[in-house]
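One structure below.
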Amino acid sequence: MNAEPAVQLRLLDLQATDTALSQLVHRRRHLPELAAIAERIARAAEFNDAVVEARTRLDDLAAEQKRMEADVETVRARTSRDEARLQAGGLPSRELESLQHEIATLARRQSTLEDELLELMEQGETAEAQLREASERHEAVVAEQRELEAKRDAAFAEIDAAVGQRTPERATIAAELPPELLALYERARTQSGTGAALLRQRRCEVCHIELSGSELSKVRTAAADEVVRCDNCRAILVRTAESGL
């Protein structure tokens, strides 16, 4: 294949544009904010589970406290009725004895319930503190996530703007090249990731292998408009005064 030296030189401009576009794509995929956001999302989910667990625990304790308070009130009401009957007098001795025994039993029951209720209220205070802590942690990590997302979006916008500038530049350069040369460039780029490279001091700028022997002789004797390729990486070698031939 043949192409004027100036046309071949234009391949370096195309390669520079493609390299810049590839770097932009790589940067977009590997922004440090992406990993940081994923980590914050995982932590937020963990803290949210802790919030749900703490809230469920608090709700269960509140329901149990309400039930126990009702039991205490029931015992108190029963005790008040029994004491009223006791104070009214006129009860037979056996019934009086039974009533006194029931009042003593109710007093012990009330004391036990009130102790359990106090312990339950303390557990409720602990659960409230755990809920507050879990909620604060969740809110903090979500705030960090939102801040990172804002940085990510700003970086995306910057990258997308650069891609938007480079893409028409590439199209303009590609349109200047002969179709056969452009197709060869694209094949080389598919094979090694680089379509064209400057030959500097007999060294390919892609694979950094120095030409020698028959390969060097072939390149030296090739016509200026002949398109030559690196035997190692298969990139198109663009020769200039810096090629050292």
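Just so you know, residue 1 is the first one in the sequence shown, and it goes up from there.
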> How would you list all residue pairs meeting salt bridge (charged side-chain N to carboxylate O under 4.0 Å, His left out) that involve residues 14-27, not counting sequence neighbours?
Replying inline: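 Qualifying pairs: D18-R170, D18-R189, R27-E158.
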Donor-acceptor contacts, no H, no angles, side chain residues 116-133, under 3.5 Å, sequence neighbours left out:
from: Q123; atom 1: OE1; to: R57; atom 2: NH2; distance (Å): 3.1
from: T126; atom 1: OG1; to: E122; atom 2: O; distance (Å): 3.2
from: E133; atom 1: OE2; to: R137; atom 2: NH2; distance (Å): 2.9

[Y] side chain reached by [X] side chain, heavy atoms, under 4.5 Å:
| X | Y | result |
| --- | --- | --- |
| L184 | R187 | yes |
| L199 | R203 | no |
| L14 | L182 | yes |
| R152 | L148 | no |

> If only atom types and distance count, is the side chain of T194 paired as donor or acceptor with the main-chain N or O of A196 below 3.5 Å?
Replying inline: no
> Q110 side chain to V72 main-chain N or O, any donor-acceptor pair under 3.5 Å?
Replying inline: no
Shortest non-hydrogen separation from [X] to [Y] and the atoms involved:
| X | Y | value |
| --- | --- | --- |
| A188 | A235 | CB-CA, 4.3 Å |
| L24 | A162 | CD1-CB, 3.7 Å |
| R78 | L106 | CG-CD1, 3.4 Å |
| Q145 | A44 | OE1-CB, 4.3 Å |
| A224 | P5 | O-CG, 3.6 Å |
| S243 | V238 | OG-O, 4.1 Å |

>> Do V141 and I37 sit in one hydrophobic cluster, given that two such residues count as connected whenever their side-chain heavy atoms are within less than 4.5 Å of each other, even indirectly?
In response: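 Unlinked, V141 and I37 end up in two clusters.
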>> If the condition is side-chain contact (heavy atoms from CB on, under 4.5 Å), which residues does E4 pass it with, not counting sequence neighbours?
In response: V7
> Taking only residues two or more places apart in sequence or in another chain, which ones pass side-chain contact (heavy atoms from CB on, under 4.5 Å) with E39?
Replying inline: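 Listed in chain order: R43.
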>> Pair R55, L58 - check side-chain contact (heavy atoms from CB on, under 4.5 Å), show working.
In response: CA-CA 5 Å; R55 184 173 287 117; L58 188 60; 5.6 Å; no
>> According to ring pair (Phe, Tyr, Trp, His ring centres under 6.0 Å), who are the partners of H101, at least two apart in sequence or on a separate chain?
In response: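 Ring pair (Phe, Tyr, Trp, His ring centres under 6.0 Å) check on H101 returns nothing, list empty.
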> side-chain hydrogen bond (donor to acceptor under 3.5 Å, both in side chains): which pairs involve residues 79-90, sequence neighbours left out?
Replying inline: R85-E95
>> Please evaluate residues I236 and L181 with respect to the criterion side-chain contact (heavy atoms from CB on, under 4.5 Å), reporting the C-alpha separation (whole Å), side-chain torsions for both, the decisive distance (0.1 Å), and the verdict.
In response: CA-CA 10 Å; I236 297 171; L181 182 62; 4.2 Å; yes
> With sequence neighbours left out, which residue pairs that include part of residues 27-73 fulfil the ring pair (Phe, Tyr, Trp, His ring centres under 6.0 Å) condition?
Replying inline: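 For residues 27-73, and leaving out neighbouring residues, the ring pair (Phe, Tyr, Trp, His ring centres under 6.0 Å) pairs sorted by first residue read H26-H30.
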>> Pair K66, E69 - check salt bridge (Lys or Arg N to Asp or Glu O under 4.0 Å), show working.
In response: CA-CA 5 Å; K66 185 176 181 180; E69 287 172 345; over 6 Å; no
Residues two or more places apart in sequence or in another chain: which of them pass side-chain hydrogen bond (donor to acceptor under 3.5 Å, both in side chains) with [X]?
| X | result |
| --- | --- |
| Q8 | none |
| R76 | E73, E114 |
| N2 | D225 |
| R94 | none |

> Do you see a donor-acceptor pair shorter than 3.5 Å between the side chains of T19 and Q15?
Replying inline: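 On atom types as modelled, these side chains qualify, holding a pair under 3.5 Å.
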>> Does E64 form a side-chain contact (heavy atoms from CB on, under 4.5 Å) with D60? I'd like the steps, not just the answer.
In response: CA-CA 6 Å; E64 180 64 15; D60 291 344; over 6 Å; no
> Which value, rounded to the nearest 0.5 Å, describes the distance between I173 atom CD1 and D13 atom CG?
Replying inline: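 Here the rounded value is 5.0 Å.
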> Atom CZ of R202 and atom CD of E215: how far apart are they, to the nearest 0.5 Å?
Replying inline: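 Atom-to-atom, R202:CZ and E215:CD are 12.5 Å apart.
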>> Run R67 and D71 through salt bridge (Lys or Arg N to Asp or Glu O under 4.0 Å) and show every step you take.
In response: CA-CA 6 Å; R67 184 195 64 78; D71 289 346; 2.7 Å; yes
> How is the hydrophobic cluster of V25 composed, in terms of its other members, when Ile, Leu, Val, Met, Phe, Trp and Tyr link through side-chain heavy atoms under 4.5 Å apart, directly or indirectly?
Replying inline: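 Joined to V25, directly or through intermediates: none.
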> Pick one: which of E144, E149, E46 meets salt bridge (charged side-chain N to carboxylate O under 4.0 Å, His left out) with R40?
Replying inline: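 It is E144, the one option of E144, E149, E46 that forms the salt bridge (charged side-chain N to carboxylate O under 4.0 Å, His left out) with R40.
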>> Is there a side-chain contact (heavy atoms from CB on, under 4.5 Å) between L177 and Y185? Walk through the geometry before answering.
In response: CA-CA 10 Å; L177 300 174; Y185 168 87; 5.9 Å; no
